[in-house]
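Report on one structure; see the data block that follows.
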Amino acid sequence: MALRHVLVRSLMLVAAIGTASIGAVSVSAQETPSPALTPTPFAQPVITPVASASPDASATPGILPSATPCIPPTLAPSASPSASASPLPGASPLPSASPSPLPSGAPSPPPCASSAPSPTPTPTLPPIYVSPQTLQVPMGTTQTLTVSGTYGAFTVTAADPRFIDVSADQDTGIVTVAAKTPGATTIAITDSRGVSATVGVRVAYDAGTVTPDINVRLTGDPASPEYVREMVQRAILHATQARPSAQVVVGTDDVPVDRPLGQDMVQSVDVPVLIQGEQYFSVNGTTHVRIENIAVPRISPDILMVSDFPEKLTENGLLFSADLHHNVPSRFLYFHYNPPGQPDRRIVLVAQNHSSEPATVQFISGRGGPTDNEMEVGHDATKSFLVNAVQNQGRLLQIPANATVAISQQELPAGSIVTNLMQLRVLDGAAIHLSLVAQNASDDPNDALTTGALLTSTVRHARGIYTIPEFHFATQWNVNDPYLELPIGQIPLPNTLAGEALAGDYGVLEAFVVTVQNPLSTPQNIAIYENPRGGRATGTYIIDGVLVQSHQVPPFSRYKIRQYVVPAKGFVRVTIVTMPEAGSSYPLRLIFAPDDGSVAPGAPGSPVY
């Protein structure tokens, strides 16, 4: 009763006050006459939010800005009490409450926002995690995926089962993928919630196999770092097993050798190797190389073998064939052209050991090409060979008993020329049979045919064996004598086989020692001049141990290649090693004469460098 009395008094107080503002909420009640002695339910207060307004300079301080209230939901009229209901003792009838009327002409207020809650979004299910997210499976192998975050059992499905087989271990979350045939597909992994993850899979062959260890045995007094790096690079290229059309990438800069390797010295290096191809998986690896410099005496060859016939190739086959005997060191020169329109080819030198004992062969080489510039080909080969021959830089090759080995190969694309100057001698073992073969570039060098008839042509060039592989000449010249002329490539060499004589002495090493004397009482300036006599020619000379080269010069021109000051009553000893260059027109003369004041070697305007 006390509580009801308090409530009645509170409502009466509200009716007396009228309308009061409390913060931003307006509470209003209006007294309405009720029939006498008829109890009226409690008036329902109308609670209307007052919208906050932005600050306005015209607003009156202390007075809230007016706002249009919203219309709350209308309550249904209270029903009259039943006849049996009795009024509260001593209580006065309560007035009924109704909303305050809106001013005339005022706009209707907007309805209040619904207080019903908005729909709750469906939660995102945790994803499935797969590692790795893409997979490469080399042929002949299996790879695995690690699956986590699944709920319940999961299924694994290959989109195209032609390429892979898949299996799953539900306990460990490991998916095993086995390669079947090259191609690309996807794997879908789905758990009991219906959540899926997709992994891309590619199947292919590896581009090849990197050989982990090789030995390189070479000679040199000493072997220069440039030569050692080149031999290591070639040995790795030869030992690396690459698939058809795949490329083996290893550069001389990747070989960590930066100083000469003396005789009887050993060095080991690790070289990075890359094998790559468009349809293959790239393979990266390292080859460990043990390099050994074997002391071998320097000797001169006894014969010169030449293969320049047919010079222009129109078919594959045997180009040259001869035996390399133990006591007959030999030089071997080949020069061949593959014209445009022909298939890309390769020149392969094959060594066959028909004995029951292994053989060791020293192999010195200087190659040029492939390129379409015949003078450049010959110049590059001569320069490389002369440097290697003078320093006795070569490889030691092991030819197993009753075995056939491709000891040299050189690519010959259509429209290009190649040449190679080699020096070979058997150090241990029986004679080795040599065959030079032209084959398609797509063929395996180890399958080069070494039998059959020699290729031929209607255009005659040299092919044979010549018994004068070197000229050595020593002389003396006084500065006040007539000019001294040294002919290079002037004497044709007879062929011991049925074939053409060797005009131009190509492949013949020519060495000169000239003692220049000055009988006069004053120093004398002299020079050595090159003077082509057949046509345009390039030149390579090792003069007093210094490499001197000449770009092509026209016939009958004269350029200095070296100059000296001969002391009064003194002398200068000059050594020259050179050879005619394939692709150039010889003969050529070297002339010793007084300095004529023309452009110095290596100066602007000189072809010499």
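Worth saying up front: this structure is predicted, and the values here are computed from it rather than measured. No hydrogens, no waters, no symmetry mates; every other heavy atom, side chains included, goes into these values.
Summarising the geometry, atom CE belonging to Met375 is positioned 11.5 Å from atom CD1 belonging to Ile417; distances are rounded to the nearest 0.5 Å. We find the CG-CG distance between Leu349 and Leu434 to be 5.5 Å, quoted to the nearest 0.5 Å. Rounding to the nearest 0.5 angstrom, the gap separating the OG1 atom in Thr575 from the CG atom in Asp544 is 4.5 Å. We find the CG-OG distance between Asp323 and Ser330 to be 10.0 Å, quoted to the nearest 0.5 Å. For the atom pair Ser384 OG and Leu421 CG, the distance stands at 9.0 Å (nearest 0.5 Å). Atom CG of Asn440 and atom CG of Leu412 lie 11.0 Å apart (nearest 0.5 Å).
The backbone N or O of Val348 lies less than 3.5 Å from no partner atom in the side chain of Gln410, so there is not a single donor-acceptor pair. Of the possible polar contacts, none joining the Asn293 side chain to the Met265 backbone as a donor-acceptor pair under 3.5 Å is found. At distances below 3.5 Å, at least one donor-acceptor pair connects side-chain atoms of Asp169 with backbone N or O atoms of Asp171. A donor-acceptor contact shorter than 3.5 Å links the side chain of Tyr227 to the backbone of Gly394. A donor-acceptor distance shorter than 3.5 angstrom exists from the side chain of Arg331 to the backbone of Gly507, with no hydrogens or angles considered. His336 places no side-chain N or O within donor-acceptor distance of the main-chain N or O of Leu319, the cut-off being under 3.5 Å.
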Given Val306 and Leu502, is the side chain to side chain contact (heavy atoms under 4.5 Å, CB included) satisfied, shown in steps? CA-CA 9 Å; Val306 175; Leu502 183 63; 4.3 Å; yes

Walk me through whether Phe385 and Ile364 qualify under side chain to side chain contact (heavy atoms under 4.5 Å, CB included). CA-CA 7 Å; Phe385 177 79; Ile364 298 174; 4.1 Å; yes

Please evaluate residues Val350 and Ile407 with respect to the criterion side chain to side chain contact (heavy atoms under 4.5 Å, CB included), reporting the C-alpha separation (whole Å), side-chain torsions for both, the decisive distance (0.1 Å), and the verdict. CA-CA 6 Å; Val350 179; Ile407 62 175; over 6 Å; no

Can you list the steps and then say if Thr286 with Val271 is a side chain to side chain contact (heavy atoms under 4.5 Å, CB included)? CA-CA 5 Å; Thr286 299; Val271 182; 5.8 Å; no

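Residues satisfying the salt bridge (Lys or Arg N to Asp or Glu O under 4.0 Å) test with Arg290, not counting sequence neighbours, are Glu292. Shown here are the salt bridge (Lys or Arg N to Asp or Glu O under 4.0 Å) partners of Asp165, two or more places apart in sequence or in another chain: Lys180. Qualifying salt bridge (Lys or Arg N to Asp or Glu O under 4.0 Å) partners for Arg234, counting only residues two or more places apart in sequence or in other chains: Glu230. With sequence neighbours excluded, the residues that form a side chain to side chain contact (heavy atoms under 4.5 Å, CB included) with Pro260 are Pro222, Pro225.
In this model, a donor atom of one side chain and an acceptor atom of the other lie less than 3.5 Å apart for Thr219 and Gln362. Between the side chains of Gln398 and Thr360, at least one donor N or O lies within less than 3.5 Å of an accepting N or O. Side-chain contact annotation: Thr538 with His551, donor-acceptor N/O pair under 3.5 Å absent. Looking only at atom types and distance, the side chain of Thr176 has no donor-acceptor partner in the side chain of Thr144 under 3.5 Å away. Side-chain contact check for Asn495 and Tyr466: at least one donor-acceptor pair (N or O, by modelled atom type) lies under 3.5 Å. For Ser224 and Gln393, the side-chain atoms include at least one donor-acceptor pair closer than 3.5 Å.
The environment of CD in Gln133 is sparse: at most 12 heavy-atom neighbours from other residues, nucleotides or ligands sit within 6.0 Å. Within 6.0 Å of NE2 in His326 there are more than 12 heavy atoms belonging to other residues, nucleotides or ligands.
A heavy-atom distance below 4.5 Å is found between the side chains of Leu436 and Ile347. Side-chain contact check for Gln552 versus Ser584: every heavy-atom pair is 4.5 Å or farther apart. By the 4.5 Å heavy-atom criterion applied to side chains, Ile291 and Val228 are counted as neighbours. Looking at heavy atoms from C-beta onward, Tyr506 lies in side-chain contact with Leu333 at the 4.5 angstrom threshold. Two residues are said to be in side-chain contact when any heavy atoms from C-beta on lie closer than 4.5 Å; Leu449 and Leu318 fail this criterion.
For residues 262-273, the pairs satisfying side chain to side chain donor-acceptor pair (under 3.5 Å) are Asp270-His288, with sequence neighbours left out. Applying the side chain to side chain donor-acceptor pair (under 3.5 Å) test to residues at least two apart or on different chains, the pairs with a partner in residues 364-382 are Ser365-Asn420, Arg367-Ser408, His379-Thr540, His379-Gln549, His379-Glu581, His379-Tyr609. Residue pairs meeting the side chain to side chain donor-acceptor pair (under 3.5 Å) criterion with at least one member in residues 337-359, sequence neighbours excluded: Asn316-Arg345, Asn338-Arg345, Gln342-Arg345, Arg346-Glu411, Arg346-Gln439, Gln352-Thr450, Asn353-Ser355. The side chain to side chain donor-acceptor pair (under 3.5 Å) analysis of residues 455-465, with sequence neighbours excluded, yields the pairs Arg460-Glu500. Within the structure, salt bridge (Lys or Arg N to Asp or Glu O under 4.0 Å) pairs that include any residue of residues 397-406 do not occur (at least two apart or interchain). Residue pairs meeting the ring-ring contact (aromatic ring centres under 6.0 Å, His included) criterion with at least one member in residues 292-322, sequence neighbours excluded, are Phe320-Phe332.
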Under 3.5 Å donor-acceptor pairs involving side-chain atoms of residues 274-283, not counting sequence neighbours:
| from | atom 1 | to | atom 2 | distance (Å) |
| --- | --- | --- | --- | --- |
| Gln276 | NE2 | Gln247 | OE1 | 3.2 |
| Gln279 | NE2 | Ser245 | OG | 3.3 |
| Tyr280 | OH | Pro244 | O | 2.8 |

Which side-chain N or O atoms in residues 185-210 pair as donor and acceptor under 3.5 Å with protein atoms at least two apart or in another chain?
| from | atom 1 | to | atom 2 | distance (Å) |
| --- | --- | --- | --- | --- |
| Thr185 | OG1 | Asp160 | N | 3.0 |
| Thr190 | OG1 | Ser196 | OG | 2.8 |
| Asp191 | OD1 | Arg193 | N | 3.1 |
| Asp191 | OD1 | Gly194 | N | 3.4 |
| Asp191 | OD1 | Val195 | N | 3.2 |
| Asp191 | OD2 | Tyr151 | N | 3.1 |
| Asp191 | OD2 | Arg193 | NE | 2.8 |
| Asp191 | OD2 | Arg193 | NH2 | 2.6 |
| Ser192 | OG | Tyr151 | O | 2.5 |
| Arg193 | NH1 | Pro126 | O | 3.0 |
| Arg193 | NH2 | Pro126 | O | 3.1 |
| Arg193 | NH2 | Gly149 | O | 3.3 |

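Heavy-atom minimum distance, Arg298 versus Ala389: NE-O, 3.7 Å. The two atoms that bring Val296 and Arg425 nearest to each other are CG1-NH2, 2.7 Å, heavy atoms only. Listed here is the closest heavy atom pair of Asp254 and Pro256: O-CD, 3.3 Å. Taking both residues in full, the closest heavy atoms of Ala184 and Phe163 are given as O-CE1, 3.5 Å, listed atom of the first, atom of the second, then distance. Shortest non-hydrogen contact noted between Met579 and Val508 is CB-O, 3.1 Å.
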